[in-house]
Structure formats: structure tokens, C-alpha cells
Novice: 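Just passing along the structure, written as C-alpha cells.
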Amino acid sequence: MNSETLDTSIRYLKGVGAAREKMFAKLGITTLRDLIGYFPRAYEDRTLFKRTNDLVIGETVCVVAMAATAPQLSHIRKGLDIVKLKAVDEVGTLELTFFNQPFIKDAIKPGEMYVFYGKIEGTLIRPAMVNPLFEKQHVHDRAQDHDVASNKITGRIMPIYALTAGLSQKSIQSAALAALEKCEEDLPDILPENIVKKHELCRAGYALKNIHFPEDMKALELSRKRLIFEEFFVLASAMKLLKDGRKEKIGRALKLPQWDQFYDALSFKPTQAQMRAIEEAAKDMGAPQAMNRLIQGDVGSGKTLIAAACCYMTWKSGCQSAFMAPTEILAKQHFQSLSALLEPMGMHVGLLVGSMTAKQKKDIYARLSLGEIDLIIGTHALVSQGVSFRELALVITDEQHRFGVGQRSMLTEKGDSPHVLIMSATPIPRTLALIIYGDLDVSIIDEMPSGRTAIETYVVSERHRKRVYQFINKLALEGRQIYIICPMVEELAKSDDGAPESGIDPEAMPVHGRKSAEQADTASSDIPLKSAVEYHKVLQDEIFPNLRIELVHGKMASKKKDAAMEAFARGEADILVATTVVEVGVDVPNAALIIVENADRFGLSQLHQLRGRVGRGVHESFCILFSGAAGDQSRARLDVMRATGDGFKIAEEDLKIRGPGDFFGSRQHGLPEMKIANLATDMLILNQAQDAAHENLRSDPELKSPENRKLRAQIAQLFEINADRLN
């Protein structure tokens, strides 16, 4: 493989140049490698030709017909021109209508033969097409099917790409074809020969050509299978290498304690799932390799107990633990709960956050370095230069995706290969955990502690708005507190990169200006998006002037944001209006209602995280989802929230309904972006590729053999590109 050719800039391709190069860059395409790897999002099969007497209403086909009448142009009103004509074949007539394309009047000549491609409308007696694509009839030549430059638009399968402003389908198609021709001898075939044969896969060159410009549907399917398999194979190989490398990392073997003192000190009985997770982590920490374990559990499943047990074991071995939380308010919350549990046993627990005074920090630094603090809980302040430990043996991070790999590694470097425990409250479908967290050992807490209050969930429309406001008022008068979640910070607010800044789930945002089917469904609503800043003002000034209402959103300064959240936690506010910054937020047992505005705009897993903000106390709790979209699909999605409170089941449904594209929201879970593989539908290929990858590594653990040389280079590139994700 000639890497230099593939890494050449696209600027020098015919038809690209400096101006279009910038447009392509918006799609993440700067090199020929990027362009060849920018796969179509869909295809139009323009190979189906029918005569007019065989047409079916609703199908999209090609019809070869003669223009029987001269196109007639009508100016209906300002901004609306219509061109009409009739075309005939040997068995019938096809009526053609073009809106706002006045040039058609001169483009189609009566008496000449054309191929019209479009969706059949009208009736079986009078079939019609509206705005069809058309070209002069040509002699079908399979050898010319890949010739995008010839403007041939029928008799072939056309790739459809995600676009950005300034680029057309034609411009991307032409550039992709030119890139493939330029790199024909250098297309990377990284799979070992024995694996290609065993799994009956086509060659990489064939796959890459036919994924862009398929010869036929069979070629397209063969190409998809090859590229999906390869993508999973590389990822599975990378994860296994990463995991095996960590297994070899020498760590400190801690002593297994007598657990009676720990369990006897608890005021509740742990669940079987909690005890199993503690046992798994303790076994890791007792081994001479550094632990790298993920504790994955639903909201309220009791993950903190596992962290406490690991800290207890570390203390009993004469060592220190560090617990890093993503926000000050969460750090303080963990400090309160863990110090209440562990200090009666004799442990010394400390807190280190950015808002502490210089004197307070200096005192903590000194006590840590002397070993007087057994467990330190804090924010990223823990990685600051002044922090040193006497004997750091355990590092815990809460909500791993809130930290960059840099911050986590800086903390682990303060000890000598400490054990690492990561806690995540974001359920991932069980089928995906192995591939996503392939480099970690995973403990899943799939059992809820007794006494957790069930949350009644309702999906409502705007006509229920008045009743919901009455319900808010009733709960507030009873002394309960309410969250109101909005999808945006401000109306049409812009971030530094020009995108709308909000707590909105990425699934709601159009991809390069286009909408998915679900987004189109959501967009059909005429309900405006609620913005936190404006809505807070309306609620306070007009709807609930008698209630205390706080506001929190991502654009606020951290101190102001924490102050508002802490005021709400202390009961000094009745309502907290917020974006999704409260998704992983404070524990407010008195909060009994959460309302999510424009709920269609959020992923199900995100809605479940938000719902977990309530139901934490003894009070009956409620979640109300305002639905703005009229479509059945949007309603079906939200009905999943009504049907179950199991975060893992919700995650499975979320994946099925909208696919993996934005399931992980801002790529939060260590998974490199999939170019073609679909984690929802390609599980069979995933399992095959994973088994093949592991078998390949068993025979060549370091991928040093000649047939694995290209694979090793590809994995190195994967690690380089995804340095912040594969850790």
C-alpha cells in the first residue's frame, strides 16, 4: 500500500481546486484516503425500466418514452412556474409536470426519445411523474456505468452522499471516481488472506469501487459485507491488543480484606449485583496486574457502593485512593456520602475542588503527601501540579466520558500503575458492551436496590399545557421541587463553531443540512423549540410569579451554574429550568417532577438519564414528556419511555429505532466513528469479525507476520486518530 498516494490532498483532483477543497473539509475530507472512505449514505436504483402499462403507483422507475407534445410553460403566480408535456411509448402515455424549472421548455424536444426517472403518481389509467430526472435515450453500456463524468443518470445505481453547502451530488461523485482511479493500485487490502477466504469476502479494491459506484445490487451487498467486516475486525483487533497490553502492565496486588466490617457498617442490604461487582473488582485488585474495570449500572443502581468497597480494600492495604468527579457539586455529593460511610470505619476522607481557598488546598496537598488522607474526592483539581500522594493505588472516575483521556492519565501517573475503576450511569445495550468497552473488564449492575421510588411517565401534547402548569403549582405548594428541561439555551444561539449551542441531543441536528426520516418527522411539528433563557423569564414573570425559579445552562460560568444547582439542592428554589447539564447532576430527593420540553429532540437514553433526576426520595415522582411531533415514529419512541424504566431495555430500543449514528451522543463512550458498520443491524457480522480477530491474534499476538503488516498499520492509525476515545 502506497500511503503517500492515499494521503495526497484532494485539491489536485480534477474539478476540486482550492475553493471546493474548503467545502470538502467541512465534511472531514482533506485527503484521497478520506474521500475514498466517505461512503454514500444511500443509493438510488435507476436500473429498473418499465413500460407505461406496467407501472405501479408509488414506485420509482425509469420509463423510455418519446416527447409527444412540446413542453408548455405556464406562469401561475410570482414564484411558481409549471411546465407540462406528454410522453408516449408503444403502449401508453406518461404525463410529466415540472415545477419551477422553466428551462425544461427548451430542453425537451418533441419527437425525441428520453429516459425519465421518477416516482409514479396519478392513476393507473393516467400515470404521471413530477419533476423527474431525464436524459436522452442511450444504448445501455455496462462498461460506462462508472463514468460519472459522462452525465449518465439512468440505467445505473447512483450513490447519494451527505452534502454540505456548496457541494452537489455530482461534485462528490466526480471527485470520488477520480480518487478511486488515482489510487487504484494503492487501495489498502488489510485483511489476512486466510480470513478473506474463510469468510468468503471480496477484495478491498472491488469493495471500495462498488461501495461508491455499484455494478449491481449484488456487488453492492458483497462490498458492504467486506467493508463492515473489515471495520469490525480492525476495531476488535485494536481493543484486544489494548486490553492485552493492559493485562501485562504490572500493578500492585492489594490484600483481600475481611468484608464483615464493611458490610456490617451499611444501613442497607446490598443487592446481589452489587456484591458480585465488588467481588469482581476485588479479584482484579488482588492480582499483580493493574485493574481496568468499568462499573456500568442504571441510574440509582448503587454504583457508589462498589467504589466505596474498592476504597476500603485499598485502605486496608495501607494505600490511598483518588475519586474524580466531573463537577464540583457531584464531587461534594460523593464526599458527603462516602465520608458518612467510610469515616466511621476509621478512614480519612478529603475533598479537593477548584473553589477552595489557597490555604485549604495547601492543607490538603500536605496531608495527601504525608498519607494522612486515605481517600481524596475532587474534580480535575486532583490533577493539578501541587497534588502528590504517598501511596496512590486506586483511581476512580465517575462518568468516564466527562473527562478527556489526558486528565485521566494525569491522575493515574500520580501513582505507580494504580488500579483504575470507571463508573458509568449510561446504559449501553448488552450486545454492544463487548465491542465498545473491549479494552476494559466490565461489571454490569442490572438490579435496583429496594425502596427506589417508581417514576410515573406521561407523554403529552400542547393541549395538556394548562393542566401541567396546574400540576406544577400543586406540587410546589406541597413543598416538592420540579425540573423543567429545554432543548436549547437561547433562541438560535450560536457556539464558536457556528452550530446551535444547546443541551440538545446530536440526533436532533440535521447532518450537513439534510434530515433523516425521524428528523423530518420531528420537524413536522409547528411547536417552537423551548429555550432555557427565554422560557425561564416567561415562567417567572408570567406563569409562576409566586414561585422561586432558578436557571442553569451550559453557557453560564461554572460558579454561577454551581450556585444555582446548589440553591435548588438546598430547597431554596421550587423550579430549576435547565438544559441537559443536569443529566448527570445533583441528588435532590425532594424533586418529584421532571418535565422535558420538545422531548422528540432527545435520544431515549438521554431522556432516561434525565428522568433519573427524580424518584430519589420517598415522594411519588413523575416525568412528563412534551411531544411536539405528530409522526407515529416519534410517538412510538416516547412510548418506550412510558413502557419501561429499565435503562438497558431503553438503550436497546433506542438503538433499534434510530440506529447507532448518534446513539452515543458526542461520541462519549470510547467508540470510534463507524463509517459503514451499523451496530444495530450488523451484529452477525460483528460476531464473525470479532471471533476472526481474536483467532488471528492467538496465532500472531503482536501482528508481526507479513500478512498482518497492513492490519498493524491500520490499527496504529486507528489509535492515532482516536487517541481520546480508545482509553
Side-chain angles (χ1 to χ4, degrees), residues 327 402 459-462 465 468-469 472 482-516 518-544 549-558 560-561 564-565 568 573 575-585 593-611 613 623-631 634 637-638 641 658 661-662 664-668:
T327 63
R402 303 285 163 151
V459 180
V460 302
S461 63
E462 279 299 307
R465 175 75 58 185
V468 170
Y469 285 159
I472 291 172
I482 299 98
Y483 291 99
I484 298 179
I485 308 301
C486 299
M488 295 194 302
V489 175
E490 297 170 307
E491 295 291 349
L492 301 175
K494 296 283 184 180
S495 66
D496 291 340
D497 63 2
E501 195 282 337
S502 65
I504 198 165
D505 190 310
E507 71 153 330
M509 304 306 294
V511 180
H512 309 306
R514 66 183 175 85
K515 290 184 173 68
S516 68
E518 182 184 334
Q519 289 157 359
D521 180 20
T522 302
S524 66
S525 164
D526 59 0
I527 305 302
L529 291 181
K530 288 283 192 300
S531 63
V533 173
E534 285 80 5
Y535 196 35
H536 169 260
K537 190 174 189 318
V538 170
L539 288 171
Q540 186 69 87
D541 295 348
E542 301 174 24
I543 300 170
F544 302 117
I549 306 177
E550 286 284 356
L551 171 67
V552 169
H553 58 74
K555 282 190 167 183
M556 293 169 66
S558 293
K560 194 173 179 184
K561 185 166 53 180
M565 281 182 142
F568 186 70
I575 298 173
L576 182 67
V577 178
T579 55
T580 53
V581 290
V582 300
E583 183 182 336
V584 181
L593 170 63
I594 184 164
I595 294 166
V596 183
E597 300 286 350
N598 306 103
D600 321 86
R601 293 281 172 163
F602 300 90
L604 294 184
S605 295
Q606 191 174 29
L607 289 173
H608 180 64
Q609 291 291 304
L610 290 166
R611 178 166 62 181
R613 294 302 98 214
C623 172
I624 296 176
L625 306 174
F626 269 102
S627 170
S634 290
R637 287 181 66 241
L638 296 181
M641 295 293 298
R658 65 185 172 109
D662 294 305
F664 303 103
S666 304
R667 300 172 191 157
Q668 293 171 340

Novice: Between V459 and M641, does the side-chain contact (heavy atoms from CB on, under 4.5 Å) criterion hold? Intermediate values first, please.
Specialist: CA-CA 9 Å; V459 180; M641 295 293 298; 5.7 Å; no
Novice: Going through the checks in order, is the side-chain contact (heavy atoms from CB on, under 4.5 Å) test met by I595 and Y469?
Specialist: CA-CA 10 Å; I595 294 166; Y469 285 159; over 6 Å; no
Novice: Could you please spell out the steps behind the side-chain contact (heavy atoms from CB on, under 4.5 Å) verdict for L625 and D600?
Specialist: CA-CA 9 Å; L625 306 174; D600 321 86; over 6 Å; no
Novice: Are any non-hydrogen side-chain atoms of V577 and V552 less than 4.5 angstrom apart?
Specialist: no
Novice: Using the salt bridge (Lys or Arg N to Asp or Glu O under 4.0 Å) criterion, which residues pair with K560? Sequence neighbours excluded.
Specialist: none
Novice: Do I594 and I482 have side chains that get closer than 4.5 Å, going by heavy atoms?
Specialist: no
Novice: To check you understand the geometry: which heavy-atom pair defines the closest contact between A532 and L551, and what is its length?
Specialist: O-CD1, 3.6 Å
Novice: Between L593 and I472, is any pair of side-chain heavy atoms under 4.5 Å apart?
Specialist: yes
Novice: So S627 and V460, do their side chains get closer than 4.5 Å, heavy atoms only?
Specialist: no
Novice: Is there side-chain contact between F626 and K530, with at least one heavy-atom pair below 4.5 Å?
Specialist: no
Novice: Any sub-3.5 Å donor-acceptor pair from H536's side-chain atoms to I549's backbone N or O?
Specialist: yes
Novice: Below 4.0 angstrom, N of the basic side chain to O of the carboxylate: do K537 and E534 qualify?
Specialist: no
Novice: Please name the residue in the list T579, L610, L576 that meets the side-chain contact (heavy atoms from CB on, under 4.5 Å) test with I485.
Specialist: L610
Novice: Does any part of the side chain of E550, heavy atoms only, come nearer than 4.5 Å to the side chain of I575, both counted from C-beta?
Specialist: no
Novice: Sequence neighbours left out, what passes ring pair (Phe, Tyr, Trp, His ring centres under 6.0 Å) with Y535? Give chain and number order.
Specialist: none
Novice: Search all heavy atoms of E597 against all heavy atoms of P487 and return the closest pair with its distance.
Specialist: O-CD, 3.8 Å
Novice: Please enumerate all residues that pass ring pair (Phe, Tyr, Trp, His ring centres under 6.0 Å) together with Y483, with sequence neighbours excluded.
Specialist: F568
